[in-house]
Amino acid sequence: ARERERERGCVCVWCVREELPLSGETMNAWHDVEVGDCEELNVVVEIPKGSKTKYELDTKTGLLRVNRVLYSSVRYPANYGFIPQTLGEDEEPLDVLVVMQEPVYPLSILRARPIGVMGMIDCGLRDDKVICVHLDDPSCSSLTSVDELQRHQLEELRRFFMDYKRLEKKEVVVNEIQGPEVASTIIKEAMERYQKQKEELLEQYTRDLPTASHVHPEASPAKQGPSS
């Protein structure tokens, strides 16, 4: 069945790894989805294009948390998510904007090619946004550089991040958009940073997992028989 799904181009979270998840008994999209390489990445979508709701990965559970509804009158101009098994300088997975025609459901996995990066400083921390195209969208799959996008489209991406926290009185510095070479360097650094800290990250994740009986049966007290 899994092979038939792959032939149809479907990717399910439980099909991404053949072996047991790295993170233990439960699947975590950050730790257990294969990253790919700098030419063809797996991207996990958190926020659909056109949404005003800020979803983000809850690193403690692997689920999505509703962080907030954006204060400013703006909507995400592209599908927004992260590259699994990467670690940015803000100690979170590396952020990605995926240029494509349609909005995508949260926690979907898609194939993407990095074509550039938008450098950002968010509340004093470096918070780069890698710009990708969806490799299975024929309208953009042949693009290899941000230079091939319409200038107005790039300005929309920059303007969104300049404005989206303005009413929260939070400082965001948005730098110029750079090309695929810089994006590849940032992605490789984030991959290496993750690998260096992987054991610590996995240990923290498994330590923070809920202790409900359906997650960790051994955590439940043994049932006692009727008293004699």
Let me confirm one number: the [atom1]-[atom2] distance from [X] to [Y], rounded to the nearest 0.5 Å.
{"X": "Glu189", "Y": "Leu87", "atom1": "CD", "atom2": "CG", "result": "12.0 Å"}
{"X": "Asn42", "Y": "Glu34", "atom1": "CG", "atom2": "CD", "result": "8.0 Å"}
{"X": "Lys129", "Y": "Asp122", "atom1": "NZ", "atom2": "CG", "result": "6.5 Å"}
{"X": "Ile131", "Y": "Leu154", "atom1": "CD1", "atom2": "CG", "result": "6.0 Å"}
{"X": "Asp95", "Y": "Thr86", "atom1": "CG", "atom2": "OG1", "result": "8.5 Å"}
{"X": "Asp127", "Y": "Met118", "atom1": "CG", "atom2": "CE", "result": "9.5 Å"}

Any sub-3.5 Å donor-acceptor pair from [X]'s side-chain atoms to [Y]'s backbone N or O?
{"X": "Ser72", "Y": "Val74", "result": "no"}
{"X": "Arg113", "Y": "Thr144", "result": "no"}
{"X": "Ser51", "Y": "Pro48", "result": "no"}
{"X": "Asn79", "Y": "Glu102", "result": "yes"}

Heavy-atom closest contact ([X] atom, [Y] atom, distance):
{"X": "Ile115", "Y": "Leu143", "answer": "CG2-O, 3.7 Å"}
{"X": "Cys132", "Y": "Pro114", "answer": "SG-CA, 3.6 Å"}
{"X": "Ser142", "Y": "Glu148", "answer": "O-OE1, 4.4 Å"}

Q. Does anything in residues 37-47 pair up under salt bridge (charged side-chain N to carboxylate O under 4.0 Å, His left out), and if so which pairs, sequence neighbours excluded?
A. Glu40-Arg111
Which residues share a salt bridge (charged side-chain N to carboxylate O under 4.0 Å, His left out) with [X], sequence neighbours left out:
{"X": "Asp58", "answer": "Arg65"}
{"X": "Lys49", "answer": "none"}
{"X": "Asp90", "answer": "none"}

Using a 4.5 Å cut-off on heavy atoms from C-beta on, say whether the side chain of [Y] contacts that of [X].
{"X": "Val66", "Y": "Lys54", "value": "no"}
{"X": "Arg158", "Y": "Glu155", "value": "yes"}
{"X": "His31", "Y": "Leu202", "value": "yes"}
{"X": "Lys198", "Y": "Gln195", "value": "yes"}

Q | Option passing side chain to side chain contact (heavy atoms under 4.5 Å, CB included) with Val146 (candidates Leu157, Val99, Val133, Ile177) | A | Ile177
With ILVMFWY side chains joined below 4.5 Å, transitively, what does [X]'s cluster contain besides itself?
{"X": "Leu110", "answer": "Val35, Leu41, Val43, Val45, Ile83, Leu94, Val96, Val98, Met100, Val104, Val117, Val130, Val182, Ile186, Ile187, Met191"}
{"X": "Leu125", "answer": "none"}
{"X": "Leu63", "answer": "none"}

Q | Those residues that, when tested against Tyr164, pass ring pair (Phe, Tyr, Trp, His ring centres under 6.0 Å) (two or more places apart) | A | Phe160, Phe161
**Q.** Pairing residues for Tyr80 by the ring pair (Phe, Tyr, Trp, His ring centres under 6.0 Å) criterion, not counting sequence neighbours
**A.** Tyr76
Q. Does the pair Gln101 and Asp137 meet the rule for a side-chain hydrogen bond (donor to acceptor under 3.5 Å, both in side chains), with working shown?
A. CA-CA 7 Å; Gln101 296 181 80; Asp137 184 337; 2.8 Å; yes
Q. Any side chain to side chain donor-acceptor pair (under 3.5 Å) pairs touching residues 173-185, not counting sequence neighbours?
A. none
Q: Can you sort out the partners of Ser141 under side-chain contact (heavy atoms from CB on, under 4.5 Å), two or more places apart, ordered by chain and number?
A: none
Q.
If the condition is side-chain contact (heavy atoms from CB on, under 4.5 Å), which residues does Glu168 pass it with, not counting sequence neighbours?
A. Arg68, Tyr71, Lys165, Lys170
Q.
If you count heavy atoms of other groups shown closer than 6.0 angstrom to CD of Glu171, is the number above 12?
A. no
Q. Can you get from Leu107 to Phe82 by hopping between Ile, Leu, Val, Met, Phe, Trp and Tyr side chains that sit under 4.5 Å apart?
A. yes
